[in-house]
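Just so it is clear, the values below take in all heavy atoms, side chains as well, and ignore hydrogens, waters and symmetry mates. Throughout, a chain's letter reflects where its sequence line sits, starting with A, and its residues are numbered from 1.
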2 protein chains.
Amino acid sequence: MQFQNNKLARKLNNEKDYSTEQKIKEAARTLFTQKGFAETKTREIAEKSGINLALMNYYFRSKQKLYDIIMEENMASFKQGISDLFGRTDLDAYQKIERLANYYIDEFIAHRDLPMFIVSTIYSSTEMDFVNNEQDMISKSRKVFVNQIKDLIAQKKIKPIHPAHVISNLIGLIIFPFMIGPLLKKRAQINEKEFVELMMERRQLIPVWIKSMLEK
Amino acid sequence: MQFQNNKLARKLNNEKDYSTEQKIKEAARTLFTQKGFAETKTREIAEKSGINLALMNYYFRSKQKLYDIIMEENMASFKQGISDLFGRTDLDAYQKIERLANYYIDEFIAHRDLPMFIVSTIYSSTEMDFVNNEQDMISKSRKVFVNQIKDLIAQKKIKPIHPAHVISNLIGLIIFPFMIGPLLKKRAQINEKEFVELMMERRQLIPVWIKSMLEK
DNA sequence: GTCTATAGACGGATAGAC
DNA sequence: GTCTATCCGTCTATAGAC
């Protein structure tokens, strides 16, 4: 197919893809992640991307199909990199935590909608791929990481805690502040620039906090 | 009005209200908090509550009005108790944190949809009452608490941190695990009973964790 | 590939009988 | 108070011209 070849050619040349298809996807991604499926109207997508309403169906057959593709990509972007990192045996747990915090805090600063999207996806989809695919690559390497955590817990002098606490706290400390960003800005009188600075600070702080949870 | 008196009578007798009005609200609360406004259809509410479609409009005039009432109630249930607690001067910060953890963890175990609802409300509503009402009662007493936190930070030997980190971590440690409950159950092979036990453990753990963040 | 026009389904709301 | 029937606006999706 002609247009497939064009796409491939652009990709090989590392050119940005400003095709109609891409414009639709960009607009749709913003709207879907911000407002969800039902709240987002096809007319909005068309308007925001500056294309004709009918073209959305031409390229993606239906709103649902477009949504599925975008959510798939969002999740891929979220997962990307975890697998490699978690599986490594040359890094200890704290080094992994530090890299994890660095990677995702940067990612979330750049894509503000992602945190809320990821968490509500996890929350509302017991059935979903993302939660279920226990046979995928991440699963194996995740176990390496969790075992490292378990080892640290086993070394605790008093009161060992369940690894789920540590995992949950780790994810929460990274992702949660982004979800209450509006509240922090309003109540703590923080502006956008300060908010980003605070999040950057956390890249160093989170490993320290997790360490103190594990070493008492 | 006759039906108002009936309502009152039931309330005075501490009887559960199984009126049609109540059945609609119960069904709608679940659907709205789980799926949001647009995603929830009036026909679903009717079906789930076993009532006729037209009755929703009879009692609440419109879907929007019903939504507003429910969200108001959700928020009230969330806010309830904070104001009193935060304003007290006979309790130190750690005692307040402990009571806060106790109160909300119990609340969230009983109402599983609340965490996700609260956070997405905060997230998506810079304009909303809940975030904006800086003149309300909670605001004043919140300041008492935040000042207590600031005092503790000031006592830190090295590297004082921004109070926003502490507040954000505190809220996150309490509420976040409920949002990734499905993930924990799936990945950490935790069943419902164990999940509740883990959450109960956190009532003691969170104050300790916050303490260690503040005392290093 | 892109556009206009419109078909066709869906969902919120109400009229009116009981 | 509760029900059936239905109206009507909104939205997705497609037919068909260019």
Over how many whole Å does the gap from B:E47 atom CD to C:dG11 atom C1' extend?
14 Å

B:E194/B:K185 ion pair, N-O < 4.0 Å
no

One thing to verify: whether A:D113 and A:R29 come together as a salt bridge, which I'm taking to mean a side-chain N less than 4.0 angstrom from a carboxylate O.
no

Could A:K193 and A:E197 be called an ion pair, given the rule that one side-chain N must be under 4.0 Å from one carboxylate O?
yes

Contact string for nucleotides 2-18 of chain D, one letter per nucleotide 5' to 3', B = base within protein heavy-atom range under 4.0 Å, S = sugar-phosphate only, - = neither, reads BBB------BBBB----

A:K63 NZ/CZ over A:F37 ring centroid, <6.0 Å and within 45° of normal:
yes

By ring-ring contact (aromatic ring centres under 6.0 Å, His included), which residues pair with B:Y104, not counting sequence neighbours?
B:F78, B:F108

